[in-house]
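The block underneath contains the structure these notes are about, expressed in C-alpha cells.
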Amino acid sequence: MRLCVFGAGAIGGYLAARLATVEGIDLSLVARGPHLAAIKADGLRLIEDGNESVHRITASPDAAELGPQDCVILCLKAHSISPALDAIMPLIGPETVVVTAQNGVPWWYFYRAGGALEGTRIEAVDPGGRIWDRIGPERAIGCVVYPAAEVDAPGVVRHVEGVRFPLGEPSGEKTERIATISRILVAAGLKAPVRGDIRSDIWVKLWGNLAFNPISALTGGTLVGLYDDPGTRAVARAMMVEAQAIGEKLGVKFPVDVDRRIEGAGAVGAHKTSMLQDLELGRPMEIDALVTAVQELGRLVDVPTPSIDSVLALVRHLAATRGC
C-alpha cells in the first residue's frame with residue numbers, strides 16, 4: 001500500500017513515526033519548512049515513554065513528487081484543508097482513500113447520513129463545498145484523534161499520551177478498505193477500532209472541546225481551573241447541554257451524561273487546551289470546526305444555542321484582535 005501522511009505536525013509526525021515500523025507499506029510524508037529540512041537531514045525522531053527512535057521516511061513539500069496514493073491520512077487542522085486542496089490533490093487517484101484525522105465536525109458529516117439533511121454541506125468547515133467537490137465524500141473515512149503529542153523541535157515529535165484512533169465509514173459499513181487501514185494502524189502499535197457509528201464517537205470528543213476550548217482561550221484557564229470555578233463550569237455545561245440537544249436531534253447517542261463528561265475534562269488536570277496553545281503561539285484557532293459548525297448544525301435542526309452563540313462571538317472577537 002502506498003500511504004501518505006499529509007501534515008507533519010505533532011499528530012501527523014507521531015502517526016508517521018509509528019507507521020514507519022510497519023512492513024509492507026510504501027510510506028511518505030508531506031511537510032514543509034524547518035521540520036521538513038530536519039526530517040530529510042536526520043530522520044523523524046520520536047520520543048515516547050522516555051525512549052527515542054529515529055525513522056527515515058520519504059518526505060517532500062510537494063505532493064506531486066509523491067504521486068497518487070492508495071491511502072492519504074489528512075492530519076491538517078480542519079481550517080487548513082480547503083486552502084491546501086491544490087497541494088493535496090496530486091496524491092488523489094481513482095481509488096484513493098482519505099482518512100480525516102481532524103478535530104470537530106468533519107466536512108463529510110452528512111454524506112450517507114440518511115434523513116432530510118443527506119448531502120448537506122457544512123459551510124463552517126467546508127466553505128462553498130470545495131472539499132466535498134474536489135476530494136469527494138465517497139473517499140472519506142472518519143477518524144477520531146485521541147493521542148496528545150507535541151513538536152519539541154524541528155524533526156522531533158514527543159508523544160504525551162494516548163494511542164486510540166477509532167475509525168468509521170460514513171455509512172457505518174465495515175468495508176475491506178477500513179479493515180485494511182485498521183490492521184495497518186494496529187500493526188503500528190496503535191488502537192484503531194472500526195466503529196459502526198463514527199459520528200457518535202466524533203460527538204463525544206467534540207462535546208467537551210466545543211465548550212472548554214473557547215472558554216480556555218478567553219480566560220487563559222487550564223481544564224482543571226475551568227472545572228473548579230463554578231462560573232466557568234456553568235458556562236461550559238450550558239454550551240454542552242445545547243450541543244447534546246443538537247446531537248440527539250441528529251441521531252447521536254451520548255454514552256455518558258453531561259456532568260460525567262465535564263468531570264472527565266476536569267480530571268485531565270492543569271492542561272492547556274489546543275485552542276489556548278494556538279492563541280499563545282499566535283496561530284489560527286480551530287473555532288469553526290469546534291464551535292461555529294455546532295452553531296450551524298443547531299440552525300439546521302432548529303435548536304437554539306444562546307450560550308454557544310455568546311461564547312462564539314467573544315472568541316471570534318478575541319481571534320480577530322489577536323490575529324488568530
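What you see is a predicted model, and the numbers here were worked out from it, not measured in a lab. Numbers for residues simply follow the sequence, beginning at 1.
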Could you measure the distance from the [atom1] atom of [X] to the [atom2] atom of [Y]? Nearest 0.5 Å is fine.
X    : Y    : atom1 : atom2 : answer
T120 : E296 : OG1   : CD    : 9.5 Å
I178 : I198 : CD1   : CD1   : 7.0 Å
I308 : E242 : CD1   : CD    : 4.5 Å
N213 : M239 : CG    : CE    : 9.5 Å
L66  : L29  : CG    : CG    : 9.0 Å
I25  : L3   : CD1   : CG    : 5.5 Å

Quiz question: by atom type and distance under 3.5 Å, do the side chains of [X] and [Y] form a donor-acceptor pair?
X    : Y    : result
T305 : Q295 : no
E173 : S171 : yes
N103 : K205 : yes
Q277 : T273 : no
D126 : S82  : no
R177 : T180 : no

Please check this pair: side chain of [X] against backbone of [Y], looking for a donor-acceptor N/O pair closer than 3.5 Å.
X    : Y    : value
E150 : V160 : no
S60  : V30  : no
R322 : G282 : no
K191 : F165 : no
W108 : P170 : no
D49  : N51  : no
H271 : S274 : no
Q244 : V258 : no
H35  : A8   : yes

Shortest non-hydrogen contact from [X] to [Y]?
X    : Y    : value
A217 : V315 : CB-CG2, 4.3 Å
G162 : Y14  : O-OH, 3.9 Å
G43  : V54  : CA-CG1, 4.1 Å
P154 : A38  : O-CB, 3.4 Å
G155 : I39  : CA-CG1, 4.0 Å
A16  : L27  : O-CD2, 3.5 Å

Less than 4.5 Å apart, any side-chain heavy atom of [X] and any of [Y]?
X    : Y    : answer
L226 : T222 : no
F254 : E248 : yes
T232 : Y227 : no
W207 : V256 : yes
F110 : R121 : no
L290 : M285 : no
C324 : P284 : no
T292 : I287 : yes

Answer yes when [X] and [Y] have at least one side-chain N-carboxylate O distance shorter than 4.0 Å, and no when they do not.
X    : Y    : result
D86  : R134 : yes
R18  : E48  : yes
E280 : K272 : yes
R299 : D309 : yes
R45  : D152 : no
R233 : D228 : no
D70  : R2   : no
D302 : K249 : no

State yes or no: do [X] and [Y] share one hydrophobic cluster built from I, L, V, M, F, W and Y residues joined by side-chain heavy-atom distances below 4.5 Å, directly or via other members?
X    : Y    : answer
I57  : I47  : no
L15  : V186 : no
V99  : I81  : no
V97  : L167 : yes
W107 : Y109 : yes

Identify each donor-acceptor pair in which a side-chain atom of residues 139-148 lies under 3.5 Å from a protein atom, sequence neighbours left out, and give them as a table.
unit_1: R139; atom_1: NE; unit_2: I135; atom_2: O; d: 2.9
unit_1: R139; atom_1: NH1; unit_2: G93; atom_2: O; d: 2.8
unit_1: R139; atom_1: NH1; unit_2: T96; atom_2: O; d: 3.1
unit_1: R139; atom_1: NH2; unit_2: G93; atom_2: O; d: 3.2

**OP:** Please lay out, stage by stage, how V224 and V268 fare under the test side chain to side chain contact (heavy atoms under 4.5 Å, CB included).
**Re:** CA-CA 7 Å; V224 70; V268 174; over 6 Å; no
Original post:
Step by step, would you call V151 with V156 a side chain to side chain contact (heavy atoms under 4.5 Å, CB included)?
Top reply: CA-CA 6 Å; V151 177; V156 182; 6.0 Å; no
Subject >> Qualifying residue, where the test is side chain to side chain contact (heavy atoms under 4.5 Å, CB included) with I73 and the options are L19, I11, V98 >> reply: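 Considering L19, I11, V98, a side chain to side chain contact (heavy atoms under 4.5 Å, CB included) with I73 is found only for L19.
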Original post:
Counting heavy atoms not belonging to R283, are there more than 12 under 6.0 Å from its CZ?
Top reply: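 Enclosed.
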**OP:** Would you sort out whether F6 and Q69 count as a side chain to side chain contact (heavy atoms under 4.5 Å, CB included), showing the intermediate values?
**Re:** CA-CA 11 Å; F6 193 104; Q69 305 288 307; over 6 Å; no
Original post:
Taking only residues two or more places apart in sequence or in another chain, which ones pass side chain to side chain donor-acceptor pair (under 3.5 Å) with K174?
Top reply: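 Side chain to side chain donor-acceptor pair (under 3.5 Å) check on K174 returns nothing, list empty.
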Original post:
After noting the C-alpha distance and the side-chain angles of Q102 and K77, does the key distance pass the side chain to side chain contact (heavy atoms under 4.5 Å, CB included) rule?
Top reply: CA-CA 6 Å; Q102 282 80 48; K77 290 186 176 180; 5.9 Å; no
